[in-house]
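To start, the structure itself, in structure tokens.
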Amino acid sequence: MSDTQYDFDAIVVGAGPAGVSAALTMARSGLNVALLERGEYPGAKNVQGAVLYSQMLHEIVPEFWKDPQAAIERPIVEQRTCITTADSWITVGYKSLKFLEGVPNCYTIIRVRFDQWYAAKAEAAGATLLTGVTVREVLKTQDGKIFGVKTSEGDELKAPVVIACDGVNSLLAQKAGFRGELRPSEVALGAKEVLALDPGKIEDRFSLEHGQGATMELFGGITEGMLGYAFIYTNKDSLSLGVGCKLTDYQRKGIRPSDHLERVKRHPALRKLLEGAKTLEYSSHLIPEGGMKSMPPLAADGFLVAGDAAQMINPAYREGSNLAMTSGKLAGETVVEAKTKGDFSKASLEAYVRKIKGSYIWPDMEEVKDLEESVERSPGFLEFYPKLACELAHMRFSADGKPKKEHMWKAFRLARERGLVRIARDLWPLRKVAI
Ligand SMILES: Cc1cc2nc3c(=O)[nH]c(=O)nc-3n(C[C@H](O)[C@H](O)[C@H](O)COP(=O)(O)OP(=O)(O)OC[C@H]3O[C@@H](n4cnc5c(N)ncnc54)[C@H](O)[C@@H]3O)c2cc1C
């Protein structure tokens, strides 16, 4: 390949959080980078809840929240978790102004705005952003080294390294021979609406000070026996409402996510929060759920994979965009080092794998790698435990003229229906997401 005329030092496919982080990191180090995006503009096709943890973006764009143009909505001061049945729910919430100190913990974002702002940072650093460009193939030498991409228009773009940041259904990882099509069991399907609501009403309904934000996630009955959750997040003048469940569960139950979302809106825990809110947009998207077990190889000759394309997501903590940013940044740093050495071989690019293993991404993904299976093995989590928890709470907060001791015995009998050993066995895997 020594006589190949390269168009760029590196090609990044996909201008989501992973791709922009990679392109920005490399462009800042003076590399000639192409950032290819199939959407008309970055964010045009992207869907996220969307909560964005700040620390990882701060490491790339220091103090981004002070940028008056930063496309962020509200800093989150309260996070609530609800365990639901059809007509009852238990809410556990944590509110703290400490979330606003130093690097504010997280913000809500609207991806269509955020992605454009973020990609503009990469362009300002010198990356060439090409939108409306869909990559269809990777260019490979006979001995398998990747040296560029081919677009749907038939154009060939060449570079000694390509970084696949093309999201959950990564065509590039497939074309590179890293994996086949994703199986339905490896993904969840998320459906989301953004609903316009007056900022004052948002603040009243969520008990927020001016400009602050809250999140609420709902488990149990609201997912109708499917593995997943519903969420509502506060933006400046809108709410993001969504639901995400395993694709195999939607298929098994024959439920359309859009119909599910309509029913979620009518749940009494959400009805009043949404009153009068007007739907602005609907979108749906896959979420990688296979975790570590579905992770493709991360490096090959002239090739790296980051973000959702590498299945890097931590659903137990609703983290994905931050893993995408960190992995994109680490991939970018690896390429900068490879450029200095003039070595884009697999052996050289495997420094990226070591960086991922040395970051929070690897241990976090390892920690939750069996969690989904544990929950699936114990369907009680989806219906029995939420019902039990609500019944126990009902007794705790009722005065029905009976001695409290009788309540205790009733509670014990309810728990015994399931079996105390089984309950302990069911709950044990949850220790991994307790903190
Ligand atoms: C409903 C839902 C809720 C979520 N909530 C949260 C949350 O609250 N917090 C959180 O951190 N994460 C959340 N996530 C996950 C988060 O959205 C992803 O982890 C994150 O977007 C991954 O970033 P990425 O850059 O790897 O991929 P993406 O954001 O998917 O970006 C991939 C980009 O590649 C482009 N592309 C794809 N194929 C090609 C091609 N062939 N040629 C050119 N361009 C291409 C796409 O158009 C896109 O712009 C949620 C996801 C969903 C679906």
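A quick note: this is a predicted structure, and the numbers were derived from the prediction, not measured. What's counted below: heavy atoms across the whole structure, side chains too, no hydrogens, waters or symmetry copies. Note that ligands are numbered from 1 as they come in the structure, with each ligand's atoms numbered from 1 the same way.
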So which heavy atom in the protein is nearest atom 19 (O) of ligand 1, and how far is it from that ligand atom? D308 OD1, 2.7 Å
Would you mind running through ligand 1 and noting each atom that sits below 4.0 Å from a heavy atom of H285? 53 (C)
Value for NZ (K369) from CE (M365), rounded to nearest 0.5 Å, stands at 11.0 Å
Should the ring pair F303 and F178 be called parallel, tilted or perpendicular, given that the plane angle runs from 0 to 90° and is split at 30 and 60? perpendicular
Within a strict 4.5 Å, meaning less than it, do heavy atoms of the T279 and K265 side chains meet? yes
Can you pull out the closest protein heavy atom to atom 25 (O) of ligand 1? Residue, atom name and distance to 0.1 Å, please. A18 N, 2.9 Å
Protein heavy atom at shortest distance from atom 1 (C) of ligand 1: G190 CA, 3.9 Å
Look at the rings of W65 and H58 and say which category their plane angle falls in: under 30° parallel, 30 to 60° tilted, over 60° perpendicular. tilted
Atom indices of ligand 1, in the order listed, that fall short of 4.0 Å to a heavy atom of G167: 27 (O), 30 (O), 32 (C)
Please work out whether any backbone atom (N, CA, C, O) or any side-chain heavy atom from C-beta onward of V13 is under 4.0 Å from ligand 1, and answer side chain, backbone, both or neither. side chain
Do I222 and L270 have side-chain heavy atoms sitting under 4.5 Å apart? yes
Do any nitrogen or oxygen atoms of I313 lie less than 3.5 angstrom from nitrogen or oxygen atoms of ligand 1? no
So which protein heavy atom does atom 13 (C) of ligand 1 come closest to, and at what separation? Q48 CG, 3.4 Å
Check whether more than 12 heavy atoms from other residues, nucleotides or ligands sit under 6.0 Å from atom CZ of R263, and answer yes or no. yes
Compute the minimum heavy-atom distance from V20 to ligand 1 and say whether it is under 4.0 Å. no
Which of K278, K272, R271 passes salt bridge (Lys or Arg N to Asp or Glu O under 4.0 Å) with E275? It is K272
Taking only Lys NZ, Arg NE, NH1 and NH2, and the carboxylate oxygens of Asp or Glu, determine whether K329 and E333 approach each other closer than 4.0 Å. yes
Closer than 4.0 angstrom: is that true for some heavy atom of R111 and an atom of ligand 1? yes
Could you pull out, from A309, G49, A324, S321, the option with a heavy atom nearest to atom 11 (O) of ligand 1? S321
dist R74:CZ -> D237:CG (nearest 0.5 Å) comes out at 8.0 Å
What atoms of ligand 1 come closer than 4.0 angstrom to any heavy atom of I287? 2 (C), 51 (C), 52 (C), 53 (C)
Checking side-chain contact (heavy atoms from CB on, under 4.5 Å) against I356, which of L330, T334, L323, T326 comes through? L330
Nitrogen or oxygen of G39 less than 3.5 angstrom from that of ligand 1: no
Heavy-atom contact check, 4.0 Å cutoff: does G242 meet ligand 1? no
Check A44 against ligand 1 and report side chain, backbone, both or neither, counting heavy atoms closer than 4.0 Å. neither
Pull out every atom of ligand 1 sitting under 4.0 Å from any heavy atom of G320, numbered as shown with elements. 10 (C), 11 (O), 12 (N), 19 (O)
Give me the one residue out of E289, E186, R183, Q311 that meets side-chain hydrogen bond (donor to acceptor under 3.5 Å, both in side chains) with S294. E186
Carefully, step by step, assess Y107 and F114 under the rule side chain to side chain contact (heavy atoms under 4.5 Å, CB included). CA-CA 11 Å; Y107 285 87; F114 178 85; over 6 Å; no
Report the nearest protein non-hydrogen atom to atom 31 (O) of ligand 1: residue, atom name, distance rounded to 0.1 Å. G16 CA, 3.6 Å
Considering only non-hydrogen protein atoms, determine which one is nearest to atom 34 (O) of ligand 1 and report residue, atom name and distance to 0.1 Å. G14 CA, 3.1 Å
Candidates E319, E37, R318; heavy atom nearest atom 35 (C) of ligand 1 found on E37
Relative to ligand 1, is R38 under 4.0 angstrom through side chain, backbone, both or neither, heavy atoms considered? both
Please report which non-hydrogen protein atom sits nearest to atom 40 (C) of ligand 1, along with the residue it belongs to and the distance in Å to one decimal place. V135 N, 3.8 Å
For atom 23 (O) of ligand 1, which candidate among P288, G307, P17 holds the nearest heavy atom? P17
Using a 4.0 Å cut-off to any heavy atom of T134, which atoms of ligand 1 qualify? 41 (N), 42 (N)
Identify whether the distance between the nearest side-chain nitrogen and carboxylate oxygen of D204 and K201 falls below 4.0 Å. no
Nearest non-hydrogen atom to atom 48 (C) of ligand 1 belongs to which of N46, V133, V47, T131? N46
For a ring pair (Phe, Tyr, Trp, His ring centres under 6.0 Å) check, start with the C-alpha distance between F219 and Y385, then their side-chain angles and the critical distance, and finish with the verdict. CA-CA 11 Å; F219 297 84; Y385 289 120; over 10 Å; no
Ignoring hydrogens and angles, write down the donor-acceptor pairs under 3.5 Å from the side chains of residues 123-139, residues two or more places apart or on other chains.
unit_1, atom_1, unit_2, atom_2, d
T131, OG1, E40, O, 3.3
E137, OE2, K175, NZ, 3.4

Any nitrogen or oxygen of V51, main chain or side chain, under 3.5 Å from a nitrogen or oxygen of ligand 1? yes
Closest approach of any protein heavy atom to atom 37 (C) of ligand 1, naming residue and atom: D166 O, 3.2 Å
Show me which atoms of ligand 1 lie under 4.0 Å from any heavy atom of C165. 32 (C), 33 (C), 34 (O)
With distance as the sole test, does K357 use its side chain to make a donor-acceptor pair with the main-chain N or O of W362 at under 3.5 Å? no
Any atom of ligand 1 sitting under 4.0 Å from a heavy atom of A50? yes
